[in-house]
*Asks:* 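Mind having a look at this structure? Questions to follow.
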Amino acid sequence: MVVFSLISLLFATSNVFAAPGNTERSCNISNAKLTLPRNQTALTNPSFPPAFITVALGVQNYTCTDAGTFTSVGAVAELFDISCLFGTSSFDTIQDRFFTIWSQLPNNVPASSVVTLFGLDRTLTNVGEHYFITNPITGSGLSPKWDFTSRGATSGNRNAFVVGARAGGLPAPTGPQDIDWLQLTRVQGSLADEVFRVDTRGGQPPASCTPGSPLITVKYTSKYWLFGGSI
Ligand SMILES: *[C@@H]1O[C@H](CO)[C@@H](O)[C@H](O)[C@H]1NC(C)=O
Ligand SMILES: *[C@@H]1O[C@H](CO)[C@@H](O)[C@H](O)[C@H]1NC(C)=O
Ligand SMILES: *[C@@H]1O[C@H](CO)[C@@H](O)[C@H](O)[C@H]1NC(C)=O
């Protein structure tokens with residue numbers, strides 16, 4: 001019953017979500033600093049100024065190998081601008097607040113509904129999408145892409161994307177239930193030179209699977225910080 005009421009509420013308020021028409025650039029984050037865990041060398045401090053800070057609501061996809069373990073086959077997420085929350089207490093906990101509700105909702109409820117209903121005192125603009133494409137360098141395998149070409153203030157700018165390559169990864173400091181923190185460097189696009197995935201919640205597959213079983217999707221939230229770029 002709780003879930004049913006929640007869904008009714010989500011759809012009742014979904015018209016409030018006016019983000020696609022929002023063409024304003026975000027708050028000035030030139031002084032925002034990404035704090036990485038101490039005593040580790042897997043992730044290094046970014047070499048460029050911050051360009052975008054987003055919270056992601058999405059899914060990690062996995063298929064079952066012949067060995068009976070899950071292997072990652074990409075992800076899909078919607079990215080919401082949290083630049084204007086930097087320096088507030090909401091910034092630190094937003095991935096937890098969204099994960100609590102996002103992880104419990106049926107797969108057909110869009111991320112935008114969650115953000116509208118549970119998005120604090122300001123509307124968070126949907127600034128981009130994150131998904132995977134065929135590796136543009138080798139022509140095989142998958143590469144992560146952050147695509148801002150059809151969302152927010154960068155909508156219509158066909159260079160507003162970045163395809164990344166993994167430069168480092170660190171088990172989530174919050175525990176094995178959360179996907180790794182990552183550092184990626186640009187291989188294509190003008191949106192950013194470096195991307196960090198931090199403050200991850202969820203997204204991990206079960207420990208084992210039955211070979212031949214279908215693809216699974218596992219809900220997650222995280223922050224993505226984008227540095228540098230020329231957009
Ligand atoms: C953003 O803030 C920095 C540091 O305070 C300042 O130097 C810069 O001019 C600001 N940028 C814009 C576009 O206002
Ligand atoms: C980092 O390592 C130093 C030296 O071993 C130790 O004193 C310190 O408590 C560690 N800090 C963290 C945050 O683990
Ligand atoms: C991942 O799963 C989502 C949801 O089912 C789907 O839309 C997307 O195409 C999948 N992506 C990949 C790379 O499998």
Side-chain angles (χ1 to χ4, degrees), residues 22-34 46 48-53 56-65 69-79 81-88 91 98-99 102-114 125-154 157 160-166 179-180 182 184 187-188 190-192 195 197 200 202-206 209 212-222 224-231:
N22 187 341
T23 54
E24 281 176 43
R25 284 306 285 255
S26 55
C27 294
N28 188 338
I29 52 170
S30 63
N31 291 328
K33 191 174 178 312
L34 172 63
F48 298 87
F52 299 92
I53 314 174
L57 285 76
V59 294
Q60 296 284 326
N61 296 357
Y62 299 94
T63 55
C64 188
T65 65
T69 54
F70 282 109
T71 187
S72 172
V73 289
V76 185
E78 290 292 336
L79 309 177
D81 179 27
I82 51 170
S83 302
C84 298
L85 299 180
F86 188 82
T88 73
F91 184 88
F98 283 153
F99 184 70
W102 177 236
S103 61
Q104 292 178 50
L105 287 171
N107 290 341
N108 61 350
V109 178
S112 56
S113 303
V114 179
T125 303
N126 186 195
V127 287
E129 303 168 90
H130 169 51
Y131 53 91
F132 281 68
I133 60 166
T134 302
N135 183 319
I137 309 300
T138 63
S140 69
L142 291 171
S143 294
K145 181 172 180 176
W146 290 264
D147 183 350
F148 286 30
T149 63
S150 64
R151 300 280 194 279
T154 54
N157 182 339
F161 74 91
V162 59
V163 178
R166 182 187 172 115
I179 51 176
D180 289 1
L182 299 178
L184 304 104
V187 296
Q188 256 187 5
S190 304
L191 188 66
V195 179
R197 181 177 79 187
T200 53
Q204 295 282 33
C209 52
S213 58
L215 177 143
I216 63 164
T217 63
V218 185
K219 295 267 187 91
Y220 83 105
T221 62
S222 72
Y224 290 102
W225 287 64
L226 281 61
F227 294 86
S230 55
I231 295 295

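Just follow the structure's listing: the first ligand is 1, and inside any ligand the first atom is 1. Because the structure is a prediction, the values reported are computed rather than measured. As a basis for the values below, the full set of heavy atoms in this structure was taken, side chains included, without hydrogen atoms, waters or symmetry mates.
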*Asks:* Under a strict 4.0 Å criterion on non-hydrogen atoms, which protein residues are in contact with ligand 1?
*Replies:* Asn28, Ser30, Asn31
*Asks:* Does Phe148 reach the side chain of Asn157, with side-chain heavy atoms less than 4.5 Å apart?
*Replies:* no
*Asks:* Nearest 0.5 angstrom please: Asp180 CG to Arg197 CZ, how far?
*Replies:* 6.5 Å
*Asks:* Distance under 4.0 Å to a non-hydrogen atom of Thr217: what atoms of ligand 3 satisfy this?
*Replies:* 2 (O), 4 (C), 5 (O)
*Asks:* Would you compute the distance between atom OG1 of Thr134 and atom NZ of Lys145 and round it to the nearest 0.5 angstrom?
*Replies:* 11.0 Å
*Asks:* Who are the side chain to side chain donor-acceptor pair (under 3.5 Å) partners of Ser72, not counting sequence neighbours?
*Replies:* none
*Asks:* Can you name the atoms of ligand 3, numbered from 1 with element, that are less than 4.0 Å from a heavy atom of Val73?
*Replies:* 12 (C), 13 (C), 14 (O)
*Asks:* To the nearest 0.5 Å, tell me how far Gln60 CD sits from Thr200 OG1.
*Replies:* 9.5 Å
*Asks:* Any idea how Tyr220 and Tyr224 line up, ring-wise: parallel (<30°), tilted (30 to 60°), or perpendicular (>60°)?
*Replies:* perpendicular
*Asks:* Any donor-acceptor pair under 3.5 Å linking the side chain of Trp102 with the backbone of Gly58?
*Replies:* yes
